[in-house]
Amino acid sequence: MLAADLAKSYGTKWVPEYAREYLEIHGPEYREEDILTIAKGQLEQETKAEASALGYLFCDTEFIVTKIWSEVKYGRCDPWILQQIEKHTYDLFLLCDIDLPWAFDPLREHPGMRKELFEMYFNELQNRRLPYAVVRGTGIDRLYHAIRKINEYFKEN
């Protein structure tokens, strides 16, 4: 939702989470090799959207999320995904805090691991020294917080 709202606010494109589209078509049960297929589909969607984006391109997810998903579910990650983390860069990562209540979704896993997953994403961004901002707040305040973080970052860089 945040990526779509940001794209609308900036008058540009956004890329939905391809995993959702894939699992809605193929069903919620998946195998380890499906994660690689999903990662490649996500990259394909980003590449298509990038051609027509104006200024920014907002992506609902990316390869670090896919890496952690694979590691949590299967204890490992496909080397292609790891290579993409190094090769396919992003200007700024927006890491959403877990200050919103859990909302049930049949495609969402691990409701009891929100804090641990947030820490995994946070540590991955810090360890890789990637530019990020933590986004907090509820409703429209969350969107405004994200816009403020984006504007601050790109004004400084």
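Remember, it's a predicted structure, so these values are computed and weren't measured experimentally. The figures that follow rest on heavy atoms only: side chains count, while hydrogens, waters and symmetry mates do not.
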Report task. Give a yes or no on whether the ring-centroid distance for Tyr132 and Tyr121 is below 6.0 angstrom. Result -> no
Query - Nearest heavy atoms of Tyr74 and Arg31, plus distance in Å - result: OH-C, 3.3 Å
Requested in this report: State, to 0.1 Å, how close Trp102 and Glu109 come at their nearest heavy-atom pair, and which atoms those are.
Outcome: CH2-O, 3.9 Å
Query - Nearest heavy-atom neighbours spanning Ala3 and Cys59 - result: CB-C, 4.4 Å
Report task. Could you verify whether a donor N or O on one side chain and an acceptor N or O on the other, from His110 and Glu116, lie under 3.5 Å apart? Result -> no
Query raised in the report: Heavy atoms, side chains only, cut-off 4.5 Å: are Arg128 and Glu86 in contact?
Result: yes
Requested in this report: Apply the test salt bridge (charged side-chain N to carboxylate O under 4.0 Å, His left out) to residues Lys67 and Glu71: give CA-CA distance (whole Å), side-chain angles for both, the deciding distance (0.1 Å), then the verdict.
Outcome: CA-CA 6 Å; Lys67 171 190 181 285; Glu71 289 173 346; 2.9 Å; yes
Requested in this report: Would you please classify the geometry between the His26 ring and the Tyr22 ring as parallel, tilted or perpendicular, with 30° and 60° separating the classes?
Outcome: parallel
**Report entry** Side chain Glu17, main chain Ala19, donor-acceptor under 3.5 Å
**Finding:** no
**Report entry** Donor-acceptor under 3.5 Å (Thr47 side chain, Leu43 main chain)
**Finding:** yes
Report summary line: Closest non-hydrogen atoms of Gln45 and Val15, given as atom of the first, atom of the second and distance, are CB-CG1, 3.7 Å
Requested in this report: Could you tell me whether Arg142 and Asp97 have a side-chain N and a carboxylate O separated by less than 4.0 Å?
Outcome: no
Report task. Could you tell me whether Lys73 sits above the aromatic face of Tyr30, with NZ or CZ closer than 6.0 angstrom to the six-membered ring centre and within 45 degrees of the axis? Result -> yes
**Report entry** Cluster link Phe93 to Phe154, ILVMFWY, side chain under 4.5 Å
**Finding:** no
Query raised in the report: Is it the case that one hydrophobic cluster holds both Leu92 and Phe63, taking links as side-chain heavy atoms less than 4.5 Å apart, direct or via other members?
Result: no
Query raised in the report: In this structure, which one of Thr12, Leu143, Val135 forms a side chain to side chain contact (heavy atoms under 4.5 Å, CB included) with Leu6?
Result: Leu143
Query raised in the report: Which is it for Asp105 and Arg20 under the salt bridge (charged side-chain N to carboxylate O under 4.0 Å, His left out) test, yes or no, and what are the steps along the way?
Result: CA-CA 11 Å; Asp105 179 332; Arg20 176 166 294 285; 2.4 Å; yes
Query raised in the report: Is the number of heavy atoms from other residues, nucleotides or ligands under 6.0 Å of Glu24 CD greater than 12?
Result: yes
Query - Evaluation steps, salt bridge (charged side-chain N to carboxylate O under 4.0 Å, His left out), between Arg136 and Asp141 - result: CA-CA 8 Å; Arg136 296 180 174 92; Asp141 291 336; over 6 Å; no
**Report entry** Between Tyr10 and Phe58, ring centroids under 6.0 Å
**Finding:** yes
